[in-house]
There are 2 protein chains.
Amino acid sequence: MFGVMNRFLSNATNRIDSKGRVSVPAMFRAVLTQRNVQELYCLQDLVFPAISVGGPDLLERYERQIAQADPFSPEANMMSLLVHGGGVYMRLDAEGRLAVTDFIRDFTGITTEVTFVGRSDHFQLWQPQAFHEAQVAAREGRARLPVRPA
Amino acid sequence: MFGVMNRFLSNATNRIDSKGRVSVPAMFRAVLTQRNVQELYCLQDLVFPAISVGGPDLLERYERQIAQADPFSPEANMMSLLVHGGGVYMRLDAEGRLAVTDFIRDFTGITTEVTFVGRSDHFQLWQPQAFHEAQVAAREGRARLPVRPA
DNA sequence: TGGGACCATATGGGCGTCAATGGGAAGCGA
DNA sequence: TCGCTTCCCATTGACGCCCATATGGTCCCA
């Protein structure tokens, strides 16, 4: 219906309750519904201390990337280790919440709050302060990146 | 209809009400209507303490830059973190107002008033005093400082 | 040319809906 | 039985939707 709303965008911080649950932002849940995603796949980000969450397409995208690389290269080996060995399936409850497991806490440093960060075709779970610092660093570092004219 | 009305020009300062809303200047709303923009995309300016607001084309311009990089590279990852994770969707209410969220307040320093600044293909939200100072600085020729080397 | 009707914008606030959150109770496996 | 998960329902606070008022300017007409 809306051409742009079908992607994961923006960020929001929600609290973890006493049972270790946290609500996925309604906007993100709407994207999941629209894409008919029912089972979520989680894996560690390759750069940041964040957990990437998406549908089966997220896994497939990483697998294609692995397949493109030399299968005996250290890079492909490490990616496979992270993607296949570090990946976890996850479901949302009836209210659209997910359980914050130790797998997530250990890798991200999340304790009481989760920042949900849109990444277009998937979203990520961050420790709020870590996200803020990564944003500042990315903004300052951008000047050194190769800028290509439009 | 009018050739001049199809871009964002000039600036205006409006008050934030008790519910945290502020009217987008009618002239800017007219441009949005003419461009058939219904959902707004907001992003932190890369140089100034201002929030850039535009239609989907504003987002797509940044995404084209990301698409040119290796999708699994740290550079693309950081760009996506800024553009997808740092951007937010926003809608105007029936009276043409937008909600000034903490996301906007924290980055701009806006408290009680918002200065809307036209930037041709998009417009920006500024803290009035900060905008005034940036204008003075620009007149004194210091506007060249933020320009990044090619 | 001055007064007043008229209009568009900006602003204020009521109210219903929904998302986020909290917690009880039932089901299940160890 | 005990701990953990799943299902269900209650609360509340924010936001969207609606209507009312203020304010300043323009246009018309006497």
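Every chain is numbered from 1, with letters handed out A, B, ... down the list of sequences.
- The distance from atom CE of A/Met27 to atom P of C/dA20 is 10 Å, rounded to the nearest whole Å.
- At a threshold of 4.0 angstrom between heavy atoms, the contacts of A/Arg97 include nucleobase atoms, whether or not backbone atoms are also involved.
- Not one N or O on the side chain of B/Ser23 forms a donor-acceptor pair closer than 3.5 Å with the backbone of B/Pro25.
- Note: A/Phe8 and A/Phe28 have perpendicular aromatic rings, judged against thresholds of 30 and 60 degrees for the angle between ring planes.
- A/Ala94 comes within contact range of no nucleotide atom at all, as no heavy-atom separation falls under 4.0 Å.
- A side-chain donor-acceptor contact under 3.5 Å links B/Ser80 and A/Arg119.
- Using modelled atom types, no side-chain atom of B/Asp102 and backbone atom of B/Arg105 make a donor-acceptor pair closer than 3.5 Å.
- When rounded to the nearest whole Å, the span between CG of A/Leu92 and P of C/dT21 equals 14 Å.
- Applying the side-chain hydrogen bond (donor to acceptor under 3.5 Å, both in side chains) definition to pairs two or more places apart or across chains, those involving residues 41-54 of chain A are A/Asp45-A/Gln124, A/Asp45-B/Asn77, A/Ser52-A/Gln124.
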Practice task
Go through the steps for B/Phe116 and B/Trp126 under the test ring-ring contact (aromatic ring centres under 6.0 Å, His included), then give the verdict.
Solution key: CA-CA 6 Å; B/Phe116 293 81; B/Trp126 284 72; over 10 Å; no
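- Residues of residues 10-23 of chain B that place a heavy atom closer than 4.0 Å to DNA chain D, in numerical order, are B/Lys19, B/Arg21.
- At distances below 3.5 Å, not a single donor-acceptor pair connects side-chain atoms of B/Arg15 with backbone N or O atoms of B/Val22.
- Note that the first and last nucleotides of DNA chain D, 5' to 3', having any atom under 4.0 angstrom from a heavy atom of chain A are D/dT6 to D/dC9.
- Taking the nucleotide of DNA chain D with the nearest heavy atom to each of B/Glu95 and B/Ala99, the more 5' of the two is matched to B/Ala99.
- Checking each of B/Arg97, B/Glu39, B/Arg29 against B/Leu92 for a side-chain contact (heavy atoms from CB on, under 4.5 Å) leaves exactly one that passes, namely B/Arg29.
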